[in-house]
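Contents: one structure, followed by commentary.
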Number of protein chains: 2
Amino acid sequence: MSERRSGEGQPDKTLALLWRNHRHPMADESVDRKRGAGRRPSLNVDEVVQAGIQLADDQGLAAASMGGLAKELGVGTMTLYTYVPSKDELLDLMVDQVLGERELPGPGEPRPEDWREQVELYSRQTRAMFQRHLWLSQVSTIRPPVGPGMLAGREYLLSALLGLGLGALETNTAALAITTYVDSAASLEAESQLVERATGQSNDAWWYERNDLWETYFDVDRHPAMTTIWHADGYQSSTREAAADSYRYGLDRLLDGIENTAL
Amino acid sequence: MSERRSGEGQPDKTLALLWRNHRHPMADESVDRKRGAGRRPSLNVDEVVQAGIQLADDQGLAAASMGGLAKELGVGTMTLYTYVPSKDELLDLMVDQVLGERELPGPGEPRPEDWREQVELYSRQTRAMFQRHLWLSQVSTIRPPVGPGMLAGREYLLSALLGLGLGALETNTAALAITTYVDSAASLEAESQLVERATGQSNDAWWYERNDLWETYFDVDRHPAMTTIWHADGYQSSTREAAADSYRYGLDRLLDGIENTAL
DNA sequence: CAGAATTCTCGTAGGGTATACGAGAATTCG
DNA sequence: CGAATTCTCGTATACCCTACGAGAATTCTG
């Protein structure tokens, strides 16, 4: 993973960058430089962010280093620091950008009627996002970029749950529980593919390589439950399918539980 | 996050290291060198692993580099490679060690009667493990060390669910869903504290620093649900408490859902 | 008891990372 | 045409992992 994240420097500057393409009440020239004297920039923030995403998609997050990205853009490494204060900030911008790519209906836009269908949509879009951008799984979400993309996602999920009549605090709590589950599972799924790509070995092949375990080290007496499941064909052959099934199952059960408390 | 993990080299050698302290049917001297000619080792694997855990606990995973660990042990960096084939293998050993520290009753040992209480115990022990070893949150779990510690955890959880009479495949699926939820949440909790430690700033302070967001950029029309929750006091002041509540809530709902399908 | 065999020890070297600093180049304003 | 402004980017630093191979320590063999 990544080590430390997110600008400790000036939150104002960070927020201004995140919201750079949104008009807001106090719209001053905090980001848009008034074009006057001075050398003309050869790039702009959006180009840098987009190129960063592209590079991370194609070659992995590690390849999207400041040096690598600069080479891709045909400029010197330090030139990037004209557009972005640090690598961490750049990552924030990349993340909020792709968070905003999810196609989630905003307020007033048409959406599924059933609340579960609405949550389902959030789940699908989020998983698809992780699939498009596997590197997301390597980025910490503890202090997320507080930009338009992230807020749109939270807004959508909360609006889906509001209809349940759960009370403000419980609604928020439920939304958090759902995002924890969905985002974590989607992240694990993406990470799994990343590992397959990086090692050139499927996860199934990896497990198979460890067959020795069962023959040599596995002690049936110490593991009766696993043995029982095994003999009852409780293990799926495909790691991937097992993960997908367990995701489906867990989300359905979680929503069942939430629905029940709402009655 | 960490980049790539887990020995692609020889699974046999890896397994032998992981199970080094367990007697097994085919017990040969694959690990224990027959003590004969040759210089005496100044360390052993367990010491290296233990020192690695200690160092990662105290100074963070980054500080537990091969160089740093060697300095701590008073040997040259390359000396460590006598005991452990690579840094990734060492990490596997550290992880399985702490997985095994969880106090989960084995087969035949006394345990809570209620299955939910048993799952609860798994949850408590796992969260406590992450709290003792915050660096676990930075380690990928996609290809876990297939050692005694990991197997004991899976065995316990499966045994807790077997009593529900769910059928082998569904039991396994449910167990996977539970570990995904519990492990992910515990990992996020630990990561959160790690970030606080690394930045010297509490997460609450971090959010507070972004108060500008609400005044300057937040658009009420685009975020009616968030606004509603806000006005109904649906947001908790403490990030940490909010996370804990949502964890509790989500786990309870998940177990509710599982219980219902079992009827 | 000497040399051979074996095993552990560890310095060096190489290719990777983010970014502080400051000099130089390009552009426009007065 | 200078001065002011802004963008460009080479250099230098301090880390990371580990392949390689020479040297040190110990015991076995005769």
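Just so it is clear: chains get the letters A, B, ... in the order the sequence lines come, proteins before strands, and each one is counted from 1. Side chains are part of it too, since the values below use all heavy atoms of this structure and drop only hydrogens, waters and symmetry mates.
Following rounding to the nearest Å, A:Leu43 (CG) and D:dC9 (C1') show an atom-to-atom distance of 13 Å. Regarding B:Leu69, its CG atom lies at a distance of 15 Å from the C1' atom of C:dC10, rounded to whole Å. Put simply, OH on A:Tyr83 is 18 Å from P on C:dT19, counting in whole angstrom units. If you take CD of A:Glu89 and P of C:dT19, they are 10 Å apart, rounded to a whole angstrom.
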Nucleic acid footprint by protein, nucleotides 14-22 of chain D - heavy-atom cut-off 4.0 Å, B for base, S for sugar-phosphate alone | --SSBBB--

With the sugar-phosphate defined as primed atoms, P, OP1 and OP2, and the base as all remaining atoms, what B/S/- string results for nucleotides 24-30 of chain C, 5' to 3', for protein heavy atoms under 4.0 Å?
-> BBBBB--

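You'll find the side chain of A:His133 stays beyond 4.5 Å of the side chain of A:Met94, heavy atoms only. Contact of the A:Glu103 side chain with the A:Gln125 side chain is registered, since non-hydrogen atoms from C-beta on lie closer than 4.5 Å. For the pair B:Met129 and B:Arg132, the minimum side-chain heavy-atom distance is below 4.5 Å.
Between C:dC8 and B:Thr79, no contact under 4.0 Å exists linking OP1 or OP2 to a side-chain N or O.
Across every non-hydrogen atom of A:Tyr217 and B:Ala16, the tightest pair is OH-CA, 3.3 Å. The shortest heavy-atom contact between B:Ala64 and B:Gly52 is CB-O, 4.2 Å.
To the nearest 0.5 Å, atoms CG (B:Leu55) and CD (B:Gln50) are separated by 12.0 Å.
For the pair B:Arg102 and B:Tyr156, the NZ or CZ position fails the cation-pi test of under 6.0 Å to the six-membered ring centre and within 45 degrees of the ring normal.
With hydrogens and angles ignored, the 3.5 Å screen pairs no side-chain donor or acceptor of B:Thr141 with any backbone N or O of B:Pro144.
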